[in-house]
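Sequence lines set the chain letters: A, B, ... in the order given, protein chains first and strands last, and positions in each chain run from 1. Side-chain atoms are counted along with the backbone in the values below, which use heavy atoms only and exclude waters and symmetry mates.
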Protein chains: 2
Amino acid sequence: MAQPFNPSVPIYQQLCERIKNKIIRGELGMGERLPSVRDLAIESEVNPNTVQRAYKELEDTQIVEKKRGQGTFVTENPAILQKMREEQKISHINRFVTEMREMGYSEKEMLHGLQDYLEKKEDNK
Amino acid sequence: MAQPFNPSVPIYQQLCERIKNKIIRGELGMGERLPSVRDLAIESEVNPNTVQRAYKELEDTQIVEKKRGQGTFVTENPAILQKMREEQKISHINRFVTEMREMGYSEKEMLHGLQDYLEKKEDNK
DNA sequence: ATCACTGTATTAGTTAGATAGTACACTAAT
DNA sequence: ATTAGTGTACTATCTAACTAATACAGTGAT
């Protein structure tokens with residue numbers, strides 16, 4: 001059974017994120033072939049066009065390369081992968097800091113908040 | 001000139017967030033009156049219905065109370081405000097931790113990542 | 001040439017969000 | 001009672017985003 005999608009955010013974006021994370025975590029290595037548009041569509045239980053759009057987004061950021069008739073492949077350029085990793089990380093941190101600042105938290109409070117959360121995270125499940 | 005909205009997320013949701021944060025930061029105190037639906041609509045340059053929807057959302061979470069013919073007011077129940085503050089904080093931390101975990105970061109790396117970011121944040125502007 | 005696999009393009013349908021306009025209902029001040 | 005301000009309700013319309021269905025086009029093995 002396919003992993004479910006959050007209905008309030010576009011499926012193609014969620015697919016992008018999942019694939020990006022797989023690449024970042026190393027589950028998909030450099031030069032490795034992604035599932036075909038149709039296969040991933042079946043596996044994810046979505047329309048092939050939705051997968052295609054996700055692949056298109058990934059191609060636009062150069063994380064993957066497509067070869068017509070052959071498939072879609074993770075880039076072999078390590079600089080691009082490194083850049084994506086860094087951007088992704090900064091983007092998440094940035095968002096977090098912005099949100100916390102808008103709530104009025106100081107930088108110290110953000111750090112302590114995160115620390116406390118990680119120590120006591122059993123309570124938040 | 002009104003503060004612009006991010007076109008990729010619903011305006012009413014952004015209004016909710018802005019108002020919530022104002023309350024959390026204390027810019028809007030307990031029992032204080034919010035601008036009328038029509039006034040905020042003009043000020044924000046959106047349709048009154050959009051503001052009404054935002055106020056409705058806030059009322060559903062009991063952060064504000066509406067008095068027909070009089071206006072919309074911040075709740076005077078401190079427990080509700082405290083709960084909102086806490087939930088908002090947890091929700092932001094939760095999201096951050098989840099995203100970072102999906103990228104493969106350990107808890108230590110999350111903390112250090114945040115720390116580094118805050119120390120060098122001049123570079124990220 | 002054929003086949004089975006790739007990605008691509010086009011068109012259409014559905015939906016959520018935002019807007020607009022109008023009418024209603026309550027409250028407080030006069 | 002009147003008036004001017006509140007929030008509420010409803011209907012209609014528009015638009016952009018997303019998804020879906022189907023047909024097209026390149027590749028490589030046979």
Return the nearest nucleotide to the side chain of [X]; candidates are [options].
| X | options | result |
| --- | --- | --- |
| B:Pro10 | D:dA21, C:dG17, C:dT6 | C:dG17 |
| A:Tyr12 | D:dT19, C:dG17, C:dT19 | D:dT19 |
| A:Tyr55 | C:dT19, C:dT6, C:dG7 | C:dG7 |
| A:Gln13 | D:dG26, D:dG7, D:dC18 | D:dC18 |
| B:Ile11 | D:dA21, C:dG7, C:dA18 | C:dA18 |
| B:Gln70 | C:dA28, D:dA25, C:dT19 | C:dA28 |
| A:Val37 | D:dT19, D:dA9, C:dG7 | C:dG7 |

Atom [atom1] of [X] and atom [atom2] of [N]: how far apart are they, to the nearest Å?
| X | N | atom1 | atom2 | result |
| --- | --- | --- | --- | --- |
| B:Asn6 | D:dA17 | CG | P | 12 Å |
| A:Arg53 | C:dG7 | CZ | P | 18 Å |
| B:Glu45 | C:dA20 | CD | C1' | 17 Å |
| A:Glu57 | D:dA17 | CD | P | 12 Å |
| A:Asn47 | C:dT11 | CG | C1' | 13 Å |
| A:Arg68 | C:dG7 | CZ | P | 10 Å |
| A:Gln14 | D:dA17 | CD | P | 18 Å |
| B:Leu58 | D:dT8 | CG | C1' | 16 Å |

Side-chain donor-acceptor contact under 3.5 Å, B:Arg85 with B:Gln88: no
Distance-only donor-acceptor check, side chains A:Asn94 and B:Tyr117, under 3.5 Å: yes
OG1 on A:Thr50 to CG on A:Leu15, rounded to 0.5 Å: 7.5 Å
Among A:Arg95, A:Glu102, A:Glu99, the one residue meeting side chain to side chain contact (heavy atoms under 4.5 Å, CB included) with B:His92: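 Only match with B:His92 under side chain to side chain contact (heavy atoms under 4.5 Å, CB included): A:Glu99.
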Heavy-atom donor-acceptor pair, B:Asn49 side-chain to C:dG21 base, under 3.5 Å: yes
Polar side-chain contact A:Arg38-C:dG7 base: donor and acceptor under 3.5 Å: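 Indeed there is one.
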Would you please confirm or rule out a distance under 4.0 Å between OP1 or OP2 of [N] and any side-chain N or O of [X]?
| X | N | answer |
| --- | --- | --- |
| B:Lys67 | D:dT6 | no |
| A:Lys66 | C:dT8 | yes |
| A:Gln52 | C:dT8 | yes |
| A:Thr72 | C:dG7 | yes |

Full working for side chain to side chain contact (heavy atoms under 4.5 Å, CB included) between B:Arg18 and B:Gln3: CA-CA 11 Å; B:Arg18 290 181 188 179; B:Gln3 194 180 351; 3.7 Å; yes
5'-most by nearest nucleotide on DNA chain D - A:Thr50 or A:Gly69: A:Thr50
Polar side-chain atom of A:Glu109 near backbone of A:Ser106 as donor-acceptor pair, under 3.5 Å: yes
